[in-house]
Every structure is written in C-alpha cells, then in structure tokens.
Amino acid sequence: MSQYQPTERTQVKRLPKRANYDRETVFQILDASFVCHVGFSVEGQPYVIPTNYGRSGETIYLHGSAASRMLRTLSEGVPVCVTVTHLDGIVLARSAFHHSVNYRSVVVLGKARLVEDAEEKMEALRIFTEHVMKGRWEEIRWPNEQELKATTVLAVPIEEVSAKVRTGGPLDDEEDYALTVWAGVLPLGVVPKEPIPDPKRRNEAEVPGYVRKYGRQAG
Ligand SMILES: Cc1cc2nc3c(=O)[nH]c(=O)nc-3n(C[C@H](O)[C@H](O)[C@H](O)COP(=O)(O)OP(=O)(O)OC[C@H]3O[C@@H](n4cnc5c(N)ncnc54)[C@H](O)[C@@H]3O)c2cc1C
C-alpha cells in the first residue's frame with residue numbers, strides 16, 4: 001500500500017489540501033532529518049523532548065541512556081507522538097495576514113516497543129548511526145556489551161501518521177497585489193560548514209568523503 005489510512009486522530013483539519021498520507025512523502029520527510037520531538041505525558045504533565053532518530057522501513061528508532069526518563073516512560077508503552085519538521089522558507093506576503101512558512105512535517109502517533117533482542121538492538125543502532133551520517137558505521141568501533149546495556153533502544157511503528165507540506169510563494173488578496181511592498185520567499189536550509197578536526201586526534205586520517213559531501217534531501 002502506497003498510502004497511509006488517515007484516522008480520526010491524523011486527519012489534517014486546517015488547510016487539508018496540504019495534508020499528505022503518501023508513504024513515499026512520509027519517508028522522504030523522515031529521511032531528510034534526524035532530529036524529532038517526542039511528546040508523551042507523565043502524571044498529566046505533557047513533555048516534548050528533542051531527540052535523534054533513525055528510520056528503517058515502517059519503524060522509527062529512538063535511543064538514549066537507560067536512565068533517561070523519556071526512554072523509561074516510553075518503554076512502558078505510554079502513548080507517544082513523534083514530530084519531525086523541516087523549515088524550507090519564510091513566505092513574505094504583502095499583507096501581515098498572508099505571511100507564512102514553507103515546511104514539511106510529519107506527525108506519528110502510537111506506542112513504542114522496547115528493543116530487547118541483542119541482534120535487533122545492534123542493527124537498530126547501526127540504522128540510527130547511518131541515518132545521521134551515512135557511511136559512519138563501518139568505520140567506527142561498535143558498542144560493546146557494557147555500552148549496549150547502558151543504552152535503551154525503542155521502536156516506534158509508522159502506522160498512524162500524517163504529513164503536511166507547504167510550498168510556493170505568497171497567496172495574497174487580489175487588491176494587495178497593487179502594493180509596492182516586496183513579496184516572495186526567503187528559502188532556508190541546513191548547510192554543512194567546514195569540518196573541525198578533533199585536536200586530540202592521534203593520526204592524520206583524511207576527513208572522510210561522507211563528511212566532506214554531507215547533505216540531506218532538500219524539500
Ligand atoms: C538535537 C538533539 C538531539 C538529541 N538526541 C538525543 C538522543 O538521541 N538520545 C537521548 O537520550 N537524548 C538526546 N537528546 C537529549 C534529550 O533532549 C534529553 O535531554 C535527554 O534524553 C535526557 O532526557 P531525560 O529523560 O534524562 O530528561 P528528563 O528527565 O525527561 O528531563 C527533565 C527535564 O529537563 C529538561 N530537559 C530535558 N531535556 C531537555 C532539552 N533537550 N532541552 C531543554 N530542556 C530539557 C526538561 O525540563 C525536562 O522536563 C538530544 C537533544 C537534542 C537537542
């Protein structure tokens with residue numbers, strides 16, 4: 001199936017034409033980032049915590065310290081909301097009212113599963129690492145038993161999900177096109193800068209190609 005089924009909870013209500021349930025669109029938005037915001041409630045208090053993630057197929061992987069409240073809470077199977085947002089541009093309209101932003105975002109609802117199987121856990125950490133920096137896993141030292149024990153990995157299924165996307169220029173009221181104010185879009189994006197070598201390095205290994213050519217899918 002190439003489309004997710006909207007549910008009562010994932011039906012976009014405002015500007016539904018910007019909603020998207022296409023599987024490829026959801027995957028592209030998730031793969032273009034590695035930072036999400038994870039929402040969950042503890043004793044009636046909502047928390048929204050920024051964290052890294054990786055995706056493989058229909059699963060989002062989260063990881064962190066076994067002592068983390070977020071991971072401890074989520075591993076108990078409480079409802080979770082994972083949100084990913086890309087800011088693609090500032091839309092400058094002629095009227096204050098029609099100013100907007102171009103964006104791509106995904107909201108996933110569900111429950112997390114604690115990854116306990118050792119093989120799946122290691123694979124999830126590989127996916128997580130590769131999601132952040134493709135090419136890295138093969139070069140680094142992999143987690144040892146103690147490090148694995150200290151790390152919690154959670155799997156969030158991508159089942160109940162929506163995407164929302166805005167592209168294009170301002171949409172002004174007809175009479176406002178006569179105004180002389182500048183209107184248009186200021187595109188924004190994540191641009192890597194020059195890599196900074198660790199001063200504690202003990203050899204002169206070249207900056208890897210995957211660092212030099214780092215980039216993520218733009219909108
Ligand atoms: C871009 C990014 C990526 C991250 N990736 C990871 C990751 O992959 N794994 C991971 O475990 N952690 C990650 N973190 C850190 C994460 O946001 C939490 O700080 C961390 O998980 C500790 O959670 P905790 O359960 O111990 O904190 P809690 O016990 O839940 O936190 C207690 C209180 O501390 C405050 N707090 C906690 N975190 C933050 C924060 N980031 N900013 C401001 N206030 C905060 C809040 O008030 C919170 O209620 C990332 C943070 C950022 C910004």
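Remember, it's 1-based here, ligands and their atoms both numbered in the order they're listed. Numbers for residues simply follow the sequence, beginning at 1.
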**Asked** Do the non-hydrogen side-chain atoms of Glu24 and Ser2 ever get within less than 4.5 Å of each other?
**Response** no
**Message:** Quiz question for you: does at least one protein heavy atom lie closer than 4.0 Å to atom 43 (C) of ligand 1?
**Reply:** no
**Request:** Please state which part of Arg72 comes within less than 4.0 Å of ligand 1, counting heavy atoms only: side chain, backbone, both or neither.
**Result:** neither
**Carboxylate-amine/guanidinium proximity below 4.0 Å for Arg9 and Glu160** = yes
**Prompt:** Can an N or O of Met70 be found at a distance shorter than 3.5 Å from an N or O of ligand 1?
**Reply:** yes
**Prompt:** Can a salt bridge be assigned to the pair Arg141 and Glu147 using a cut-off of 4.0 Å between side-chain N and carboxylate O?
**Reply:** yes
**Prompt:** Heavy-atom distance from atom 24 (P) of ligand 1 to the protein below 4.0 Å?
**Reply:** yes
**Message:** Determine whether a donor-acceptor pair (N or O, by modelled atom type, separation under 3.5 Å) exists between the side chain of Lys13 and the backbone of Gln11.
**Reply:** yes
**Prompt:** If you count the atoms of ligand 1 from 1 in the order shown, which ones are under 4.0 Å from a heavy atom of Tyr47?
**Reply:** 49 (O)
**Prompt:** If you measure from atom 1 (C) of ligand 1 to every heavy atom of Val42, Val35, Ile49, Thr51, which option wins on shortest distance?
**Reply:** Val35
**Asked** What residue and atom, counting heavy atoms only, is the protein's closest point to atom 22 (C) of ligand 1, and at what distance?
**Response** Ser68 OG, 4.6 Å
**Item:** Minimum-distance protein heavy atom relative to atom 3 (C) of ligand 1
**Value:** Asn52 ND2, 3.4 Å
**Prompt:** How about Glu76: does its CD atom have over 12 heavy atoms from other parts shown lying under 6.0 Å from it?
**Reply:** yes
**Message:** Protein heavy atoms near atom 36 (N) of ligand 1, is at least one of them under 4.0 angstrom away?
**Reply:** no
**Asked** Name the one of Asp88, Asn20, Thr25 that satisfies side-chain hydrogen bond (donor to acceptor under 3.5 Å, both in side chains) with Arg104?
**Response** Asp88
**Request:** For atom 11 (O) of ligand 1, grab the closest protein heavy atom and report residue, atom and distance to one decimal in Å.
**Result:** Gly64 CA, 3.3 Å
**Message:** I'd like to check Tyr61 versus Arg126 (side-chain heavy atoms, cut-off strictly below 4.5 Å). Are they in contact?
**Reply:** no
**Prompt:** Looking at Glu58, Gln3, Gln28, which one forms a side-chain hydrogen bond (donor to acceptor under 3.5 Å, both in side chains) with Arg23?
**Reply:** Glu58
**Request:** Check the pair Tyr210 / Glu130 against side-chain hydrogen bond (donor to acceptor under 3.5 Å, both in side chains), numbers first and verdict last.
**Result:** CA-CA 11 Å; Tyr210 55 77; Glu130 287 289 295; over 6 Å; no
**Prompt:** Please state which protein non-hydrogen atom is closest to atom 9 (N) of ligand 1 and give its distance, to 0.1 Å?
**Reply:** His63 O, 2.7 Å
**Asked** Which residue owns the protein heavy atom closest to atom 41 (N) of ligand 1, what's the atom, and how far is it?
**Response** Pro50 CG, 3.5 Å
**Request:** Give the residue and atom name of whichever protein heavy atom lies nearest to atom 49 (O) of ligand 1, and the separation in Å to one decimal.
**Result:** Arg69 NH2, 3.0 Å
**Asked** In terms of the angle between their ring planes, are Trp137 and Trp142 parallel, tilted or perpendicular, with boundaries placed at 30° and 60°?
**Response** parallel
**Request:** Output yes when a protein non-hydrogen atom is found under 4.0 Å of atom 20 (C) of ligand 1, and no otherwise.
**Result:** no
**Prompt:** For atom 46 (C) of ligand 1, is some protein heavy-atom partner under 4.0 Å away?
**Reply:** no
**Asked** What part of Tyr61, side chain from CB on, backbone N/CA/C/O, both or neither, has a heavy atom under 4.0 Å from ligand 1?
**Response** neither
**Complete:** Quick note on ligand 1: atoms under 4.0 Å from a heavy atom of Phe128 include exactly 8 (O)
**Message:** Is any side-chain heavy atom of Thr73 closer than 4.5 Å to one of Ser75?
**Reply:** no
**Message:** Under 4.0 Å from atom 39 (C) of ligand 1, is there at least one protein heavy atom?
**Reply:** no
